[in-house]
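I have placed the structure first, in the form of structure tokens, so that the comments after it can refer back to it.
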Amino acid sequence: MTKEQFAAHLIQHLYQIYPQEEYTIRTDSFIKNNNTIHYGIIIRKNTECFAPTIYIDDFYDDYLQKKLTTDEIAAQVHQIMTGFSHHSEHYQTFSIRWEDCKSKIAYRIISQERNKNLLDRIPHIPFLDLAIVFYIVYDISEQGLESICVTEDLRHRWGVSTQELLQMAEENTPRIFESKVETMEGFLCEYLGCKFNSSEEENPDIYVFSNRFGINGASVLIYKNLIHEFAEQLQSNLYILPSSIHELLIIPEFAVSTSLSALSNLVLTINQTHVLEEEILSDRAYYYDREEKRFLI
């Protein structure tokens with residue numbers, strides 16, 4: 001059974017829960033980060049505009065592996081929909097006006113190479129081999145992020161420039177997604193394949209940078225002065241390894257004996273073997289020069 005056939009089969013079961021005279025249920029595919037495609041079920045009550053999308057890719061895998069029956073999946077979709085229903089009134093009154101959205105504009109960074117088709121349709125700013133893109137934060141919690149992508153159509157509707165989007169996002173993103181820095185006790189040494197020069201007692205080998213939600217946390221890379229102030233604190237240039245779109249690994253230059261090229265090879269290898277395609281940020285490592293205040297690749 002293909003995923004499309006599974007979706008059609010699931011819709012038949014969902015209509016046993018949601019009467020067809022009251023609800024419209026359809027399936028669609030969605031292009032996500034790094035040109036990955038996800039399939040979703042869209043359930044809309046005919047008297048409302050609110051129509052949440054529930055992704056079914058994991059359900060499809062569970063069905064193929066006979067972990068769940070179609071009825072069990074339909075019951076779980078219904079449970080998810082019940083959670084969404086608590087937000088329906090808020091969604092109905094949500095305003096897309098610039099004045100109502102500008103304090104909710106945030107940015108994130110994604111791969112340029114892996115998102116060429118997407119970048120043709122959305123405002124963005126190139127940064128290294130990455131792109132800074134924008135979205136409206138509807139809701140954020142430990143459970144996840146609800147957001148709306150800022151497209152070129154929406155930008156034109158607002159009558160703002162990409163630089164104005166960046167200006168708002170530079171104010172909002174560090175406020176909404178507060179940065180978080182943690183040490184990691186060198187357990188990645190076996191993957192780095194290099195010799196550390198500092199003692200573990202005096203200097204942690206690796207630092208993990210993200211935000212307090214752990215969602216799109218690699219975007220702290222472009223928080224104003226965050227990386228520079230950390231480099232100044234350690235009195236060292238930095239190697240930056242993008243482990244995913246959600247976090248960065250930071251290594252002070254004095255703590256490792258290897259090259260930027262070798263670290264880039266490490267990032268590529270880990271991406272190929274341990275990171276989901278949709279969560280890959282870059283296949284390269286970066287170098288931050290604190291004297292010149294700039295990044296190198």
Side-chain angles (χ1 to χ4, degrees), residues 106-115 119 123-134 161-175 177-184 186 188-189 192-199 202-211 216-268 270-271 280-297:
Y107 58 51
R108 65 188 181 102
I109 51 177
I110 61 175
S111 165
Q112 285 191 53
E113 179 65 27
R114 287 180 165 89
N115 292 280
L119 293 176
H124 63 279
I125 296 175
F127 175 76
L128 302 174
D129 61 330
L130 309 172
I132 304 169
V133 298
F134 308 95
S161 67
T162 302
Q163 284 299 321
E164 286 176 293
L165 289 174
L166 179 62
Q167 180 181 353
M168 295 308 306
E170 285 177 333
E171 295 177 14
N172 298 331
T173 312
R175 171 178 55 81
F177 298 93
E178 182 182 354
S179 62
K180 182 178 180 180
V181 180
E182 297 178 294
T183 61
M184 186 162 58
L188 290 181
C189 291
L192 292 175
C194 53
K195 178 181 177 182
F196 285 86
N197 297 322
S198 61
S199 67
E202 293 178 0
N203 294 291
D205 297 329
I206 301 173
Y207 298 83
V208 182
F209 277 51
S210 186
N211 59 48
N216 297 326
S219 299
V220 300
L221 180 69
I222 56 174
Y223 281 15
K224 187 176 181 180
N225 294 328
L226 180 67
I227 298 298
H228 179 72
E229 289 176 359
F230 189 71
E232 288 296 298
Q233 177 185 330
L234 296 184
Q235 290 291 290
S236 174
N237 297 328
L238 305 173
Y239 289 113
I240 302 166
L241 283 64
S243 62
S244 76
I245 59 172
H246 300 303
E247 65 276 318
L248 305 167
L249 303 182
I250 308 288
I251 310 174
E253 185 178 34
F254 62 71
V256 62
S257 299
T258 191
S259 66
L260 183 61
S261 175
L263 291 175
S264 289
N265 288 336
L266 167 68
V267 171
L268 175 60
I270 293 178
N271 284 344
I280 293 174
L281 178 61
S282 172
D283 291 329
R284 294 186 177 94
Y286 309 115
Y287 180 81
Y288 182 74
D289 188 314
R290 69 187 182 95
E291 294 295 333
E292 297 188 11
K293 297 183 180 180
R294 67 188 185 108
F295 295 92
L296 301 171
I297 57 176

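Numbers here simply count residues along the sequence, with the first being 1. Bear in mind the structure is a predicted one, so any value in this text is a computation, not a measurement.
Here the straight-line distance linking atom CD1 of Ile270 with atom CD1 of Ile280 works out to 11.5 Å at 0.5 Å rounding. One finds the CG atom of Asn172 at 10.5 Å from the CD atom of Gln167 (value rounded to the nearest 0.5 Å). Distance check: Leu221 CG to Ile109 CD1 gives 5.0 Å after rounding to the nearest 0.5 Å. Distance CG/Leu266 to OG1/Thr258: 8.5 Å, rounded to 0.5 Å. Leu130 CG to Gln112 CD: the interatomic distance, rounded to the nearest 0.5 Å, is 7.0 Å. The structure places NZ of Lys224 at 13.5 Å from OG1 of Thr173, a figure rounded to the nearest 0.5 Å.
Val133 places a side-chain heavy atom less than 4.5 Å from the side chain of Arg108. By the 4.5 Å heavy-atom criterion applied to side chains, Leu119 and Ile110 are counted as neighbours. Two residues are said to be in side-chain contact when any heavy atoms from C-beta on lie closer than 4.5 Å; Gln163 and Ile125 meet this criterion. Side chains of Asp283 and Arg114 form a contact here, defined as non-hydrogen atoms less than 4.5 Å apart. Counting only heavy atoms from C-beta outward, the side chains of Pro242 and Leu248 approach each other to under 4.5 Å. No side-chain heavy atom of Ile227 sits less than 4.5 Å from a side-chain heavy atom of Tyr286.
Aromatic pair Phe295/Tyr287: centroids not less than 6.0 angstrom apart. With ring centers used as reference points, Phe134 lies 6.0 Å or more from Tyr107. Separation of the Phe209 and Phe230 ring centroids falls under the 6.0 Å cut-off.
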Between Leu234 and Tyr207, is the side chain to side chain contact (heavy atoms under 4.5 Å, CB included) condition met? List the steps.
CA-CA 12 Å; Leu234 296 184; Tyr207 298 83; 3.8 Å; yes
For Lys293 and Tyr288, what are the C-alpha separation, side-chain angles and deciding distance, and is it a side chain to side chain contact (heavy atoms under 4.5 Å, CB included)?
CA-CA 7 Å; Lys293 297 183 180 180; Tyr288 182 74; 3.6 Å; yes
Residues Leu249, Val208; criterion side chain to side chain contact (heavy atoms under 4.5 Å, CB included); working and verdict:
CA-CA 5 Å; Leu249 303 182; Val208 182; 3.8 Å; yes
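Between His246 and Asn216, the shortest heavy-atom distance links the atoms ND1-N, 3.0 Å. Of all heavy-atom pairs between Glu232 and Gln235, the closest is O-NE2, 2.8 Å. For the pair Ser282 and Arg284, the tightest heavy-atom approach, listed with the atom from each and the gap, is OG-N, 3.0 Å. What you find for Ser210 and Val220 is that their closest heavy atoms are O-CG1, 3.2 Å. Residues Gly217 and Asn211 approach most closely at CA-ND2, 3.4 Å, considering heavy atoms. When all heavy atoms are compared, the tightest approach of Ala285 to Ser264 is N-OG, 3.0 Å.
Checking Leu260, Ile250, Leu128, Leu263 one by one against Ile240, the side-chain contact (heavy atoms from CB on, under 4.5 Å) holds for a single residue, Ile250.
Between the side chain of Glu164 and the backbone N or O of Ser161 there is at least one donor-acceptor pair closer than 3.5 Å.
Within a 6.0 Å sphere centred on CD of Glu113, heavy atoms belonging to other residues, nucleotides or ligands number 12 at most.
Taking the salt bridge (Lys or Arg N to Asp or Glu O under 4.0 Å) definition, one finds that Asp289 meets it with nothing, sequence neighbours left out.
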